[in-house]
Amino acid sequence: MNVLVIGGSGFVGTHLSRYLLHRGHRVTVASRRGQGAVPGVRYAAANAGQNLGLEQAVQEQEAIIYLVGIIRERGGQSFQQAHVDGVRHSLQAAKAAGVRRFVHMSALGARLGTGSRYFETKAQGEELVRSSGLEWTILRPSLIFGPGDDFFGGTLRSLVQAPAPFIPQIGDGLFPFRPVWVGDVAAAFEQSLGLERAIGVSCDLVGPKEYTFRQLLLLVREQLGSHKPLFPIPLALMNLLVPLISPLPFSPITQDQYLMLKAGNTADPAPMRDIFRLEERSLETELPEILASKRLVGS
């Protein structure tokens, strides 16, 4: 199948493109730079948020996968452009080109009324897809882990390796998460392309095991060989601090990320298992590779 992956040059898109090629699909990746590192992929320059280049990119495609997403606004990129405008423009381009199959990546927890602009714009994007009249599937992954991820290999590793005598923990750390392997996410997207039972379905993608935020910190600490204690930072203090530092370009956490963290990110895996056949690889299996890098002094 000819598949166009919009926003496919990042972490998930790179893994997905490789998997689609492995499964025999012909893959075009549309991104702002029109460049990438996966051999066998055709790259096209397009900006979905600004509706540039999509008309050319969708030609001769049989399915579209929309992956564009940002966790923080910067460099002229906004949640509105990435999660709403880009979806609208991509749906319009699909209809104009006669492409019926549209698979959309949203996020577990996306809904209106959360106070998180990330979640709320993701929810708006979902509504555009549902009302499009196309043969759509919406996939809503929890935290995604794998080599190159930003949360386990970035945020949590930085918290553990920071030059401090302790590891900061937000509140009691009991917020629940059910992280999912990037390989399972890629497989779910690929399977969606050929499954009739996936059409018109919104499905949460989660892993085989639920953890608290504290447990995730401890797993990363153990893998990195650190013995520093976890130091709980009261939510009352975080509630005052985060809004002050969030607008700063060097802020380690934004207001949106803080709200999402406190809400947790978990769901029942049963509906996912009814539709897809996934490996459900565990976090413990992948964590050594994710964190395989030079340890900082004092960690």
Side-chain angles (χ1 to χ4, degrees), residues 10-12 14-15 69 71-72 107-109 118 139-188 204-235 237-238 242 251-254 256-270 272-273 278-299:
F11 164 59
V12 174
T14 298
H15 285 272
I71 196 65
R72 123 179 1 223
L108 179 58
Y118 174 85
L139 299 180
R140 298 156 47 95
S142 180
L143 294 171
I144 303 174
F145 64 86
D149 77 56
D150 186 56
F151 186 73
F152 295 93
T155 302
L156 294 191
R157 178 166 57 183
S158 296
L159 287 175
V160 172
Q161 293 183 322
F166 58 85
I167 300 169
Q169 171 189 286
I170 297 175
D172 59 14
L174 297 183
F175 324 114
F177 295 89
R178 203 175 185 109
V180 59
W181 176 47
V182 68
D184 284 327
V185 173
D204 298 331
L205 299 182
V206 293
K209 183 177 177 181
E210 186 171 286
Y211 308 81
T212 64
F213 179 67
R214 179 181 177 84
Q215 289 172 324
L216 294 177
L217 275 175
L218 290 172
L219 278 174
V220 173
R221 185 185 73 169
E222 179 182 2
Q223 184 61 44
L224 291 172
S226 173
H227 302 286
K228 294 190 294 186
L230 270 58
F231 182 79
I233 301 176
L235 289 181
L237 178 59
M238 291 294 298
V242 172
S251 171
I253 187 170
T254 68
D256 274 273
Q257 290 170 317
Y258 178 57
L259 292 173
M260 290 186 285
L261 185 64
K262 289 197 299 180
N265 207 249
T266 188
D268 182 359
M272 173 190 77
R273 291 168 177 163
L278 306 176
E279 180 180 335
E280 297 193 45
R281 187 174 296 184
S282 70
L283 173 62
E284 287 84 351
T285 300
E286 288 292 294
L287 202 55
E289 184 177 357
I290 294 170
L291 300 175
S293 63
K294 184 178 180 181
R295 298 176 187 171
L296 295 180
V297 175
S299 67

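Positions are given from 1, in the same order as the sequence printed here.
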- Query: Nearest 0.5 Å, what's the CG-CZ distance between Leu283 and Arg178?
  - Reply: 12.5 Å
- Query: Hey, does the side chain of Asn265 reach the backbone of Phe177 with a donor-acceptor pair shorter than 3.5 angstrom?
  - Reply: no
- Could you tell me whether the side chain of Gln161 reaches within less than 4.5 Å of the side chain of Ser226, counting heavy atoms only? no
- Report yes if some heavy atom in the side chain of Leu235 is under 4.5 Å from a heavy atom in the side chain of Tyr258; otherwise report no. yes
- Message: side chain to side chain contact (heavy atoms under 4.5 Å, CB included), that's the test. Do Ile233 and Ile170 meet it? Break it down for me.
- Response: CA-CA 5 Å; Ile233 301 176; Ile170 297 175; 5.8 Å; no
- Message: I want to check something: taking the side chain as every heavy atom from C-beta on, are Leu224 and Leu291 in contact at a cut-off of under 4.5 Å?
- Response: yes
- Query: Shortest non-hydrogen contact from Thr212 to Gln215?
  - Reply: N-OE1, 2.8 Å
- Item | Euclidean distance, Met260 CE relative to Ile253 CD1, rounded to 0.5 Å | 8.5 Å
- Of all the heavy-atom pairs spanning Glu280 and Pro208, show the shortest one and how long it is. O-CG, 3.4 Å
- Query: Has the side chain of Gln169 got a donor or acceptor atom that lies under 3.5 Å from a matching backbone atom of Asp172?
  - Reply: yes
- Task: Look at the side chain of Lys228 and the backbone N and O of Ala164, then say whether any donor-acceptor pair between them is shorter than 3.5 Å.
- Result: yes
- Approximate separation, where rounding is to 0.5 Å, of Thr266 OG1 and Glu210 CD: 3.5 Å
- Message: Any heavy-atom pair between the side chains of Arg221 and Leu230 that's under 4.5 Å?
- Response: yes
- Query: Can you check whether Glu286 reaches Pro147 side chain to side chain, under 4.5 Å on heavy atoms?
  - Reply: yes
- Output for pair (Lys262 NZ, Phe213 CZ), nearest 0.5 Å, gives 13.5 Å
- Note on the structure: Here the pair of heavy atoms bringing Ser142 nearest to Leu108 is CB-CD2, 3.6 Å
- Item | Geometric class of the Phe152/Phe145 ring pair [parallel <30°, tilted 30-60°, perpendicular >60°] | perpendicular
- Message: Using the rule side-chain contact (heavy atoms from CB on, under 4.5 Å), only one of Leu217, Leu216, Leu218 pairs with Arg214; which is it?
- Response: Leu218
- What pair of heavy atoms forms the shortest contact from Pro234 to Pro232, and how long is it? CD-O, 3.7 Å
- Query: What are the two closest non-hydrogen atoms of Asp149 and Gly153, and how far apart are they?
  - Reply: OD1-N, 2.8 Å
- Query: Would you say the side-chain atoms of Asp256 pair up with the backbone N or O of Arg72, donor to acceptor, closer than 3.5 Å?
  - Reply: no
- Message: Minimum heavy-atom separation for Ala267 and Val206, please, with both atom names.
- Response: O-CG2, 3.8 Å
- Item | Gap separating the CG atom of Leu219 from the OH atom of Tyr211, nearest 0.5 angstrom | 6.0 Å
- Message: Distance check, rounded to the nearest 0.5 Å: Asp204 atom CG versus Met272 atom CE?
- Response: 9.5 Å
